[in-house]
Amino acid sequence: MLPARSRLRNPGDFRDTLRQGVRCGRPSLVVHARRTPQECSRAGFIVSKSVGNAVHRNRVKRRLRHLAAHALASAPFTVDVVVRALPPAATAADLASDFDAALASALDRLAS
RNA sequence: CGAGUCGGCCGGGUGAUCGCGGCGAAAGUCGAGGAAAGUCCGGACUCCACAGAGCAGGGUGGUGGGUAACGCCCACCCGGGGUGACCCGCGGGAAAGUGCCACAGAGAACAGACCGCCCCGCGCGAGCGGGGUAAGGGUGAAACGGCGGUGUAAGAGACCACCAGCACCCCAGGUGACUGGGGUGGCUCGGCAAACCCCACCCGGAGCAAGACCAAGAAGGGCCUCGGGUCUUCGGACGCGGAGCCCGCGGACGCCGUUCGAGCGCUGCUCGCGCGAGGCGUCCGGGUAGGUCGCACGCCGCAAGGCGAAGGGGGCUGGCAACAGCUCUCGCAGAUGGAUGAUCACCGCCCGCGAGGGCACAGAAUCCGGCUUACAGGCCGGCUCGUCCC
RNA sequence: GGAGGUGUCGCCUAGUCCGGUCUAUGGCGCCCGCCUGCUAAGCGGGUUUCGGGCUUCAACCCGAUCGUGGGUUCAAAUCCCACCACCUCCG
């Protein structure tokens, strides 16, 4: 999954990424991303109470983190990414394709 | 065999690949629950100087025991339900006091006469007036013991026998709640304390965002209002800037105070006991939201090792039991935008003819003991009733 | 993690402390009528919801209902217990 240095860990980083980054939505989630001068890419996740109880929220967060670990390793440049999970994420079978599509679109817009 | 009742336990398994957090130099090793939940109780621990007294306030409420403690658990008593096993009960006090008992009804706690019954007087009569009467009717959730007899104008514990109930006394049993038996008394006394209250016992307050240490910085945050912007379902929502007010840090000035003592002691008052050199007001300046410990077995020791624990399991002893004692042995999640996961295969269970689909409730956040609530499916045992067979 | 608060008609509320005709008060909204040439405003009336009597409609009547479920009481929106949902605060 993601080691601790590849995770966003304070509120300031979250806020900067949400406000200054590009945004791409899919039915089950929204991806915010921005380029960063850090040595490695980082990811953070926002899973609100409307997604489900603690078990479902943890499961969604872990699946997303697993997907992000592969995706960020193959990104062409280092980025900070914040993924906001929407209520359909709890039961979405195509969470992986939604995430990949949203992140690819975000990286395209950052590259241009 | 059928129906029922009570209790205990489990909560998918194995393997492969890729990963995450703690510890470790590495190899490696450990890594969610019976409820981790709700936060309803009780403790440990930390700070408030100590955790003191009285009042106020809050809690508990049959008895005896268990426990670190409890509002929890066990056993027994009483009341109610059930043929029974068994279940349910905030289960002290209503002759300490205050209060309430709507509507209906004559009358609602002091007694009381609407209908009826009886007597007397008046009247031709229907009836009217006065008195007696709580046995009958009616009202109500509740109407001042029950059945029978004596008695009487009619009646009435007015009197009698039996029964129920109350108070007191004696005897027996029990640690006790209480139970059984006998006697005396007045003849009978309503309900509500999850109404105030009285009685007995218990409770100091806050909580790991407690608290301790280190580093950095001298900045901000909140409320309200005005201006303008974006979106709008026209209700409003979300950013930006300015003025004012409040809070926190530093500085300046003024006032009060340093044993004749300001102020403080984190729920209110009084007392007592302390701490105590700063406190209050005005003006000016201006921004950190970091880390380590607490914290995961602890303590002592350089070490070898030793000692200990409200932890799990086994055994023995005591006890009806809850539980306690002794002994052996095992294990120890510790994250902080928060690890404990993902994919696949086989087996197991459920639904479906099949293809196939599904596998409950639910995720540690300082740690324990309880309670309550949620929960697919499964396992084990005790007991009761009914029917049949031996 | 901890500390508190609130649930009453479509919406906002009163009533809860101290139990009783509460078949739940008021406002907004909605419906009907009057007024007007028409509308607005104004005036008058009705309106919690569900089930049943009940049948073509209307009117009327009965029962339940104050977040949910139990309990105390003759009687519960009100008192007690448990649960559910939502909201606020903390350095």
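Order of the sequence lines sets the chain letters (A, B, ...), proteins ahead of strands, with each chain counted from 1.
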### Query
A:Asp80 has an atom CG; how far is it from atom C1' of B:G337, in whole Å?
13 Å
### Query
What does B:C159 pair with, Watson-Crick or G-U, if both distances are under 3.5 Å?
B:G149
### Message
Any non-hydrogen side-chain atom of A:Leu86 less than 4.5 Å from a side-chain atom of A:Ser28?
### Response
no
#### Entry: Inter-nucleotide P distance (B:C199, B:A56), Å rounded
10 Å
### Task
Mind checking A:Leu67 for me? I need base, sugar-phosphate or nothing, with any heavy atom below 4.0 Å counting as a touch.
nothing
### Query
What distance do A:Leu107 atom CG and A:Leu72 atom CG have between them, rounded to the nearest 0.5 Å?
8.0 Å
#### Entry: Below 4.0 Å: OP1/OP2 of B:G337 and any side-chain N or O of A:Arg65
no
### Task
Rounded to the nearest 0.5 Å, what's the gap from CG on A:Leu64 to CG on A:Leu95? Could you check?
5.0 Å
### Task
Between A:Ala54 and A:His70, name the one whose nearest nucleotide on RNA chain B is closer to the 5' end.
A:His70
### Task
Could you tell me the separation between the CZ atom of A:Arg84 and the C1' atom of B:G337, rounded to a whole number of Å?
13 Å
### Task
Using atom CZ of A:Arg57 as one end and atom P of B:U340 as the other, report the distance to the nearest whole Å.
15 Å
### Between B:A36 (P) and A:Asn58 (CG): distance, integer Å
18 Å
Under-3.5 Å N/O pairs linking protein and nucleotides 33-35 of chain B:
none

## Note on the structure
The Watson-Crick or G-U wobble partner of B:A324, with both key distances under 3.5 Å, is B:U317
### B:U83 pairs with, by Watson-Crick or G-U criteria that keep both distances under 3.5 Å
none
### Query
What nucleotide among B:A342, B:G337, B:A32 has an atom nearest to a side-chain atom of A:Arg62?
B:A32
### Query
Under the rule syn = chi within 90° of 0, otherwise anti, which is B:G204?
anti
### Query
Would a 4.5 Å heavy-atom cut-off, applied to side chains only, mark A:His32 and A:Cys24 as touching?
no
### Inter-nucleotide P distance (B:U372, B:C326), Å rounded
32 Å
### Message
For B:G227, give the paired nucleotide (Watson-Crick: N1-N3 plus N6-O4 or O6-N4; G-U: N1-O2 and O6-N3; both under 3.5 Å), or none.
### Response
B:C240
#### Entry: Whole angstrom value for the distance that separates P of B:U343 from CZ of A:Arg63
6 Å
#### Entry: Side chain proximity check, A:Val30 to A:Val83, heavy atoms < 4.5 angstrom
no
### Message
Checking one value: the base orientation of B:G254, syn if chi is within 90 degrees of 0, otherwise anti.
### Response
anti
### Query
Is it true that the NZ or CZ of A:Arg35 lies under 6.0 Å from the centre of A:Phe77's six-membered ring and within 45 degrees of the ring axis?
yes
### Query
Which one is paired to B:C90, where only Watson-Crick or G-U wobble pairs with both distances under 3.5 angstrom count?
none
### Message
So, taking the atom named NZ in A:Lys61 and the one named CZ in A:Arg57, what distance separates them when rounded to the nearest 0.5 Å?
### Response
7.5 Å
#### Entry: Side chain of A:Arg59 (C-beta onward), nearest among B:G363, B:G338, B:A362
B:A362
#### Entry: B:A164 pairs with, by Watson-Crick or G-U criteria that keep both distances under 3.5 Å
B:U188
### Task
Pick the P atom in B:G64 and in B:U175, then give their distance to the nearest Å.
13 Å
### Interatomic distance at C1', B:C379 relative to B:C349, whole Å
14 Å
#### Entry: From B:G363, B:G337, B:A342, nucleotide with atom closest to A:Ile46 side chain
B:G337
### Query
Considering only heavy atoms from C-beta outward, does the side chain of A:Ser41 approach that of A:Val81 to under 4.5 Å?
no
### Message
With rounding to the closest Å, how many angstrom separate the P atoms on B:A194 and B:G59?
### Response
11 Å
### Message
For B:A32, does the O4'-C1'-N9-C4 or O4'-C1'-N1-C2 angle fall within 90° of 0, making it syn, or is it anti?
### Response
syn
### Message
Taking B:C40 as the reference, what is the distance to B:G34 when you measure between their P atoms (whole Å, please)?
### Response
24 Å
#### Entry: Gap between atoms CG and P, on A:Leu64 and B:A339 respectively (whole Å)
13 Å
### Message
Can you tell me the base-pairing partner of B:C213? Count Watson-Crick or G-U wobble geometry only, both distances below 3.5 Å, and say none if there is no partner.
### Response
B:G291
### Task
Please report, rounded to the nearest Å, how far the P atom of B:C20 is from the NZ atom of A:Lys61.
18 Å
### Message
Would B:C159 be called syn or anti here, given the cut-off of 90° from 0?
### Response
anti
### Task
Could you check if the base of B:G239 is syn or anti? Syn means the glycosidic torsion is within 90 degrees of 0.
syn
### Nucleotide forming a Watson-Crick or wobble pair with B:A193, both distances under 3.5 Å
none
### Student check: side-chain heavy atoms of A:Phe99 and A:Leu29 closer than 4.5 Å
yes
### Query
When you compare B:A158 with B:G132, how far apart are their C1' atoms, in angstrom units rounded to a whole number?
15 Å
### Message
Taking only the C1' atom of each, what is the distance from B:G80 to B:A156 in whole angstrom?
### Response
37 Å
### Message
Using whole Å, what does the distance between atom C1' of nucleotide B:C361 and atom CG of A:Asn53 come to?
### Response
10 Å
### Message
So for atom CZ, which belongs to A:Arg23, do other residues, nucleotides or ligands contribute more than 12 heavy atoms lying within a distance under 6.0 Å?
### Response
no
